[in-house]
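In this text, all values refer to a predicted model and were calculated from it rather than measured experimentally.
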Amino acid sequence: MQALHQEILPPSGVEYATTLKLTPATLSGSAVPSTSTSHPHPSYGALYNVVVARANILRVFEVTENPAPMSSHQDERNRRSDVLRGTEAVEGEVEMDGQGEGFVNMGSVKFTGPRGSGQPPTVTRFHFVREHRLHGTVTGLESVRIMSSFEDRLDRLLVSFKDAKIALLEWSTAVHDLITVSIHTYERAPQLLSLDSVLFKSELRSDPASRCAALSLPKDALAILPFYQSQADLDVMEQDFRARDVPYSPSFVLDLAAGVDEHIKNVVDFVFLPGFNNPTVAVLFQPQQTWTGRLKEFKDTMSLYIFTLDLVSRIYPIITKVDGLPYDCLSLIPCSSSLGGVVILASNAVIHVDQATRRVALPVNGWLPRVSDMPTLSTPAGMRELRLEGARMAFVEERTLFVVLVDGTIIPIEFVVDGKVVSRLVTGAALAKTAPPTVVRKVHREHLFVGSTVGPSALLRTASVEEPVIDSDEMATSGPAAVVDAGNAMDLDDDDDIYGTSSPDPLPSTSAAPSAKTRTVIHLSLCDSLPAYGPISDLTFALAKNGDRFVPELVTATGSNSLGGFTLFQRDLPTRTKRKLHAIGGARGVWSLPVRTAVKVNGVPYDRPANPFHAENDSLILGTDAIPSPGFSRFGTRTPKGDITITNRVQGVTVGAAPFFQGTAILHVLSNAIRVLEPDGTERQSIKDMEGNNQRPRIKYCSICDPFVFILREDDTIGLFIGEPERGKIRRKDMSPMGEKTSRYIAGSFFTDSTGIFKTRVNEHAPSANGDAQPATSTLQTAMNAGQKTQWLMLCRPQGVVEIWTLPKLTLAFSTTAIASLQSLLVDSFDPPALSLPQDPPRKPQELDIEQILISPIGESVPWLYLLVFLRCGQLAVYQALPADPSSEPIPPARTSTLAVKFARTCSRAFEIQHPEEQESTALAEHRRISRQLIPFVTSPAPDKTLSGVFLTGENPSWILQTDRAGVKVIPSGHAVVHAFTATSLWDGKGDFLLYSDEGPTLLEWMPDVDLNLDMPSRHIHRGQSYTNVVFEPTNCLIVAASLMQAQFSSYDEDGNEQWTPDVPNVSYPMSESSALELFSPDFIAIDGYEFAPNEFINSLACVPLETLSTESGHKNFIAVGTTINRGEDLAVKGATYVFEIVEVVPDLESDMKRSFKLRLRCRDEAKGPVTAVCGIGCYLVSSMGQKIFVRAFDLDERLVGVAFLDVGVYVTTLRALKNLLIIGDAVKSVSFVAFQEDPYKLTVLAKDPHKVCVTAADFFFVDQQLSIVTCDEEGAVRMYEYDPHSPESNNGQNLLCRTEFHGQSEYRSSVTIARRMKGEDMVAPQAKLICGHPDGSLTALVPVDEATFKRLHLLQGQLTRNVQHTAGLNPRAFRLVRNDYVSKPLSYGILDGRLLESFEDLPLTRQSEITRQIGTERSAVLHDLDELGGSW
């Protein structure tokens, strides 16, 4: 049995992060108001790049400063109503905040420019640049500078991977992407050959001066990678090493015990220190390991050594030795060169150690004196108990340290310096609360990045402000001066936990002058955040209601603690129907138009000035149908009741319509005429599309861009028209510069550039070149009020040449042939206008012909221009328009100008397209014809959110969208077919859409609160606590979830007396997990719940059918719960099995719910061990209890009666049932295959895995007549077992046969099996599709594959592995291999790598054909296979 491993969602959150100047937009020359490389809109440029990673996903962002967004008229009016007369902000100012603290931006940080400078306020935002799915697990990110960095002033990115690899990456302007410079592998080092190396987590560190980088290896070793920084370094290395054109010298492995000091063992952390002539390393280690129970024998076992690296002579002298540090030291960070030393983070203290071995320890609770004899500072009076496990720290100023606790609380610590020596550490009150941190990095000058794996990652501003001090005596006694800006509260998590006040606390004296009247205060504010939902604890499918339509929805329990809740995923973009609009029709097209009556002064049209931030609503809808022949078009307006009334009818099929002459007229294109209409629909002008007295072929497509009109006829000829605003009419435009009048074109469109990217460079060597180098439409800018906008015409000729022409002069500015094969980069080929004369016989459409081509803005706050290409075969490619560097090659004299633009492909999708017979031309065939068009739109789903996108109509209707923090995505709309689409504001809503689908003409809108930053549309339900389990109860469509909280734990003796109580205020009880069962309505409103004991938590939750007397069928769904009762270290844990019933009760009169339900406890059965798994088999309950499993019947709705039991392994992790078959997954004894019989009651072991594997999840996996067992272990290895008693390898059927092993990257503990039916087939026994949720937030699927398809895709997978350049030079095949000591070769055959196969769609068409030809198949067959196997569910 074969399968495909598919990644539905990538990992969520940020585990590693670094800041650097990676892209050219971050150079200082770009940090002025100009056009940056990645952001076409005028801005203040990109400040720097932030690169983040989690597991296998690497994302690159630019942090930009842009002018603060302006508000609309209505918002301005509402705000001014609250302002006292005489205190309104004048023009050019932003109004003061409610506290009168100063001028602030809306929802942003304060502008910290010089007072009175006149510069406008700015906002700091993340902007997505690039994303890569890697064939490896990232374990570190660092920024380095190499010799070439001195030329281009850009940093390089260093990435480490789990299998001891380091990749050096740099940004390539030519391809607008990361490229691999080198990869260094240490997987064959002796330190990695040990069996326990899989338990080791490597760390990557780089020298502040970029002289070398180090990767920690097992067995206390470092892999050192030196970098050349100057020609002198290169000359020194040449003595012993032949010079090569590489930026690094040979790397080597440093054994710390053998090369530095024999006492260095059990390394905890290491860092490079700044300010030294040679690379200097501080290493924290524990020569003698201990734990809490051995503190009487071994205490203060940590040591810190500081030594230098001589990269030439390989000598490592130690300069500092510090012993006797607390045993629970966790990590360390370097201090600045002026402060010196390192800061060590321990569980109970923050310790500063300098080069002279002086130690200054700040205790944060009362535990430190009990576990350490190290002298410490006194605990600050009144300080609450802090726990530093899981905390992260970073310096925000030279002497100010921010410690971010595990719950996200930010604690400032100030270093008090006496001369050059740190005398004491002073802690302040908690400032704010963010998400639980994984990485904290000081970025740029005033920014702090807090990355989290369980919630959003925040970018904070830590601005230093000089403030006067009223009482200088307070400076010697108070804590650090750090406050939260009042107008920019840290509301990253929904608790809004803000500690402390906005009034600044005085700063301790840091100088010898006590009479200083000012002090530096750090103002903390939130700039932006990267959204994330965190780990997936459990998942289930539920039934969601989008308006009146029910759709499947994946409910996942995500997040942790205060960020916990539910994340809901849907396959299609969720929409709801607002009304049906059958009156307008629109099967062949629908348009919503904003038109208005022109104002005339002395008979001359006068255009009233319009507010560009407040667009007018639509006032007219036009729908067209092909039946009755020859077509029909209807004009409609909205009635006061909200219905549509038809105001005008016209015979003929409308090809296109748009507002014209600045919205005072309608340009209406029929299949045989071009008309100018008045705002009420009456005809002003009509131009028949005729050649002399002969009727031309019908118009099949048009593009309207005021004042230009482009038409494309069925014989592939075109026509151009231009409007004359003075006359209010249009006329034909001369097309002689474009070549012969009979030239043929297969696609074309106008587009408007409001970003300034499209700029022409005049060819000075061209014969016709003159000084007139104006942008396009320069002669019409005054008439059209175009401002900075320019208009362009894009045409595609039959041979695949795409040309961009200037308007209105029609000069060729850009030409490329690479788009025909969808190359990854499109640049100007400098070719003259191509010839596309008519052919005899007429040319027939080809599969790779371009059917639609469009340039449109796509994005959120700063829309970018994208080129969209849709081929006749169903291939869609999206290119980003970018400024191009001037070419070094001379421009041919045949071209008078060129366009300094390039297009980089960012997205590619292949759709399954069915083409009917082209010969049919009847009216019925025209009605059935599916129109595939790319239609741009702008929508505002929320008042503070505006999105620009493109909609693709046809049999694969899709939304093409992009947000600020994510790349371009193609999201299905959920309709079988969409014939027509338009965005409309006729009903005064900026988020309405009118489309004609298989359900007819409907007005719809997006569902509220939909998050589009992920690969799937999602919605987050915040609950403020963690959830470990979630199930769907199908009878009443309710959700049952198990929440997890922290409760104080205390042990009692036999007499009920507490064995230990806290004796000081800053020592508290230990914490234990406690659970509660909650019942939710379909809208996730909590209905009822059940609280367990403070020391009892839920292990397993299932909805099982059990026998009952209360229903006619004799069985009913119950909620089964298995729990663990924690009794401390000295007593063995117990457990219990609960059975709950969901009963309907009379709803509360005060609530709006029509039906109400309660959880009723039917049975509680206490067990001698933890109940770790439950499931249902038939109408019986299966539960585990320690090393046994029991099958029990539910007797009289009140008790569980055992009918069978079985001795199993050590700890049961999974129970899965299928009919009378049962899978038992164990933490040690792998998986067992068991059968259950009722007469007599018996559990029989059919087969089991003879090897020891820690199984985290096990599931049945079947297709047709084949059955397999799929398991996953702690390392993420997915195994497929078969039960074959006839095989000689099975030991007479006693052993399960492991057929396939596949490294899935991370483990999963929650999974759900769904039915997968093939398209167009109604199978009696559907295939099984396995959906798995991972702790890193990723969502994967396992899909069965038939034999013929598997062989074809397996050959393709091999070709892609060998012949495609992979990011960071990683090997996909090696990444998926699983180490197995029981077989001679890896069991890799059987599961396909979906992530690798997805890269096939991103290849150019020529490359696709070449690869498929080598494996003896066709490109279309492979794309058909991928389309059949794709999709979320």
Side-chain angles (χ1 to χ4, degrees), residues 2-7 56-58 131-138 159 161-169 172 175 177-188 246 821-825 875 905 908 910 1277-1278 1300-1305 1345 1347-1380 1383-1426 1429-1430:
Q2 296 84 25
L4 169 72
H5 185 271
Q6 174 190 8
E7 186 177 74
N56 70 304
I57 185 169
L58 183 75
E131 176 183 286
H132 286 284
R133 312 282 175 90
L134 306 174
H135 299 284
T137 302
V138 177
V159 188
F161 298 94
K162 186 177 180 180
D163 47 356
K165 291 185 175 72
I166 300 178
L168 180 62
L169 308 177
S172 172
V175 299
D177 203 351
L178 289 172
I179 61 173
T180 306
V181 177
S182 62
I183 183 167
H184 310 265
T185 177
Y186 307 96
E187 56 189 346
R188 296 184 182 274
V246 291
S821 57
L822 301 184
Q823 297 293 326
S824 58
L825 192 69
Q875 190 83 20
R905 191 178 60 196
S908 183
V1278 178
T1300 305
E1301 293 179 324
F1302 181 87
H1303 187 254
Q1305 184 168 303
V1345 183
E1347 185 72 24
T1349 302
F1350 179 83
K1351 289 181 178 179
R1352 185 162 48 242
L1353 295 181
H1354 185 74
L1355 291 173
L1356 174 66
Q1357 182 173 285
Q1359 289 290 327
L1360 293 174
T1361 301
R1362 294 185 296 269
N1363 300 328
V1364 174
Q1365 292 282 346
H1366 303 289
T1367 305
L1370 298 171
N1371 185 351
R1373 183 177 180 274
F1375 175 60
R1376 296 303 186 183
L1377 293 181
V1378 177
R1379 177 174 176 173
N1380 191 332
V1383 295
S1384 58
K1385 63 177 182 179
L1387 302 174
S1388 58
Y1389 187 85
I1391 298 182
L1392 297 168
D1393 187 355
R1395 189 190 309 162
L1396 178 60
L1397 292 174
E1398 286 175 0
S1399 63
F1400 179 77
E1401 290 187 5
D1402 297 329
L1403 297 176
L1405 300 183
T1406 53
R1407 193 85 173 103
Q1408 291 181 0
S1409 301
E1410 177 185 348
I1411 288 179
T1412 52
R1413 185 171 59 251
Q1414 293 174 356
I1415 61 176
T1417 185
E1418 295 181 353
R1419 169 185 165 274
S1420 58
V1422 170
L1423 292 176
H1424 173 76
D1425 294 339
L1426 295 177
L1429 297 172

Close side-chain approach of [X] to [Y], heavy-atom, < 4.5 Å:
X       : Y       : value
Leu1370 : Phe1375 : no
Glu1418 : His1424 : no
His5    : Glu7    : no
Val138  : Phe161  : yes
Asn1363 : Arg1407 : yes
Leu1353 : Leu1426 : yes
Thr1349 : Gln2    : no
Thr185  : Lys165  : yes

If I compare all heavy atoms of [X] with all of [Y], which pair ends up nearest, and what's the gap?
X       : Y       : answer
Phe1400 : Val1422 : CE2-CG1, 3.7 Å
Ala910  : Leu1423 : CB-CD2, 4.0 Å
Thr1361 : Pro1372 : CG2-CD, 4.1 Å
Leu1396 : Leu1360 : O-CD1, 3.4 Å
Pro1386 : Leu1377 : CB-CD2, 3.8 Å

No-hydrogen, no-angle side-chain donor-acceptor test under 3.5 Å, Gln875 and Arg1419: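 There is such a pair (donor and acceptor under 3.5 Å, judged by atom type) between the side chains of Gln875 and Arg1419.
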Can you measure from [atom1] ([X]) to [atom2] ([Y]) and round to the nearest 0.5 angstrom?
X       : Y       : atom1 : atom2 : answer
Ser1388 : Arg1373 : OG    : CZ    : 5.0 Å
Leu1356 : Asp1425 : CG    : CG    : 9.5 Å
Leu169  : Ile183  : CG    : CD1   : 9.0 Å
Leu1403 : Leu822  : CG    : CG    : 11.0 Å
Gln1408 : Ser908  : CD    : OG    : 7.0 Å
His1303 : Arg1379 : NE2   : CZ    : 13.0 Å

Test item: Ser1409 side-chain N/O and Thr1406 main-chain N/O as donor-acceptor pair under 3.5 Å: no
Steps toward side-chain contact (heavy atoms from CB on, under 4.5 Å) verdict (Gln6, Leu1429): CA-CA 9 Å; Gln6 174 190 8; Leu1429 297 172; over 6 Å; no
Basic-acidic side-chain contact under 4.0 Å: Arg1413, Glu1410: no
Evaluation steps, side-chain contact (heavy atoms from CB on, under 4.5 Å), between Leu1387 and Val1378: CA-CA 8 Å; Leu1387 302 174; Val1378 177; over 6 Å; no
Verdict with supporting geometry, Asp1393 and His135, side-chain contact (heavy atoms from CB on, under 4.5 Å): CA-CA 10 Å; Asp1393 187 355; His135 299 284; 4.1 Å; yes
Step-by-step side-chain contact (heavy atoms from CB on, under 4.5 Å) determination, Thr180 to His1366: CA-CA 9 Å; Thr180 306; His1366 303 289; over 6 Å; no
